[in-house]
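Taking it in order: structure first as structure tokens, then the write-up.
Below, chain A is the first sequence line, B the second, and so on; all start at residue 1.
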Amino acid sequence: MIGIVNYGAGNIFSLTAALERQNIAYGMVNTEADLEKYSHIIIPGVGHAGAAMKKLEQTGLVDAIKALKKPVLGICVGMQLITKHSEEGDANLLNIIPLNTKLFNKDLGIKIPHMGWNNVDFKNNPLFQTVPFDTQFYFVHSYFIEYNPTFDIASVNYGNKFSAAIQKDNFYGVQFHPEKSGEAGERLLKNFSNLSL
Amino acid sequence: MLSKRIIPCLDVKDGRTVKGINFVDLRDAGDPVELAAQYAQQGADELVFLDITATHERRKTMIEMVKSVARQLNIPFTIGGGISEIADAEALLNAGADKISINSAAVKNPKLIEDLAKNFGVQFVVLAVDTKHIDGKNIVHLNGGRLITELETEAWIKRAEDLGAGEILLTSMDHDGTKAGFDCNLLGKINKMINIPIIASGGAGKTEHFTEVFQKARVDAALAASVFHYGEILIPDLKQELRRNGIPVRI
């Protein structure tokens, strides 16, 4: 059963709706004790990374999340939170994965936010099992996670190459919104719910 | 590569989808939730719901409808119509809307754009602009084209971008309902001015119009209503045609 970290950063309704469509059971994580109740944890998030980090700190869950040994999936800003630092609000984040979250450079001739469906080049990883090669996922973000081959499990090009998905041990993050990415996104959520370590 | 988006727009009145010819003579084209699911199935990239009665009948939100849509739909959607306060926007966000579109309320209170962007992020804030060509100028109109303002379209859009709008939905009132094609000149001009995505709206009648607006105006997305609702253009056919013309689309 999936526990969703409920720290007040964004649109949980769409995520829970997507889980329900996939018949994946879920509940909310409000306290440290709640983390014990679930086999898998999702950190959702939209909006401002710095503000989201402050909200997460207010829940008192930071240390417990960092110590988790079960599969954890950060989505969008939830993924950025597991990196070290974001240029958005010059914020220090959880530093579970030592990567930087950076602002897109508009001098590259790109529109910001990166909004819409883009092709994701993913590696052989259980998160993407049975997802067709070069599938598009739905992105909407102004900050991106730098590409680093050590932690990258899926990359995408927009102005420059960056990470669409990252992994370190039991911690996973996806920049796109699986709950809004059609059947492929629902498949990814299902795959996450089936991950065993 | 980032795909160009195809966006069916569902004008909603009293929980039913309608589409006006030049915003008059409304016709009934079905149940919004059912239509939404059908569009997602066909390959629509996202959807826009506009409550066209909202402004003058003071219908604020469609929370229940938004929840029903969010439960069924696995693609993003935007809600517009009658959103004038942070609280309206927050209720829609919590009901599952990915973006909100504001129009009149932003003209009356431009700070609303800034406040929404600060609270929910720029990606949540779509500025809808209805524009009409008058005496050589492009002038912003409100209330579905019924009310003229003193704002020039170009200046207003530039200001909205500075305030924190994350996307522009530009509807040419001169082209809307004519099925004679998008206003590629104006769209191309605005697109060059700004660094946020722009959705073209108003005038779609045939497949070639979409090809034209992506090639000439280089917009990020194109929106239409009646051609999709009445099955005059099928989204899978449209996307095949766009791909044949070298335009990146999601199939």
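Note on ring orientation: taking the six-membered ring where Trp is involved, the planes of Phe122(A) and Phe128(A) are parallel (angle under 30°, cut-offs 30° and 60°). Ring geometry, Tyr172(A) versus Phe192(A): the interplanar angle exceeds 60°, so the pair is classed perpendicular (tilted spans 30 to 60°).
At a 4.5 Å heavy-atom cutoff, the contact between Arg71(B) and chain A is made by backbone and side-chain atoms alike. Only the backbone of Ala95(B) has a heavy atom closer than 4.5 Å to any heavy atom of chain A. With a 4.5 Å cut-off on non-hydrogen atoms, Ile12(A) does not touch chain B at all. Neither the backbone nor the side chain of Phe124(B) comes within less than 4.5 Å of any heavy atom of chain A. For a residue to count as touching a neighbouring chain, one of its non-hydrogen atoms must lie under 4.5 Å from one of that chain's; by this rule Ala40(B) does not touch chain A. In this structure, no portion of Glu20(A) lies under 4.5 Å from any heavy atom of chain B. Only the side chain of Ser142(A) comes within less than 4.5 Å of a heavy atom in chain B; its backbone stays farther off. The contact between Ala97(B) and chain A is made entirely by backbone atoms, counting heavy-atom distances below 4.5 Å.
Here Lys99(B) pairs with Glu46(B) in a salt bridge; the nearest charged N to carboxylate O distance falls below 4.0 Å.
Ring centroid separation for the pair His141(A) and Phe162(A) comes in under the 6.0 Å cut-off.
In this model, no donor atom of one side chain and acceptor atom of the other lie less than 3.5 Å apart for Asn94(B) and Glu90(B). Residues Ser155(A) and Ser163(A) have side chains that never bring a donor and an acceptor to within less than 3.5 angstrom of each other. Residues Gln136(A) and Asn119(A) have side chains that bring a donor and an acceptor to within less than 3.5 angstrom of each other.
Ranked by heavy-atom pairs under 4.5 Å with chain A, the first of Ile194(B), Asn191(B), Ile198(B) is Asn191(B). For the options Ala117(B), Pro76(B), Pro248(B), Gly121(B), heavy-atom pairs under 4.5 Å to chain A are most numerous at Pro76(B). Counting heavy-atom pairs closer than 4.5 Å to chain A, the top residue among Asp98(B), Leu93(B), Leu73(B), Asn119(B) is Asp98(B).
Each of Leu99(A), Asn95(A), Leu93(A), Asn100(A) was scored for a side-chain contact (heavy atoms from CB on, under 4.5 Å) with His85(A), with one residue passing: Asn100(A).
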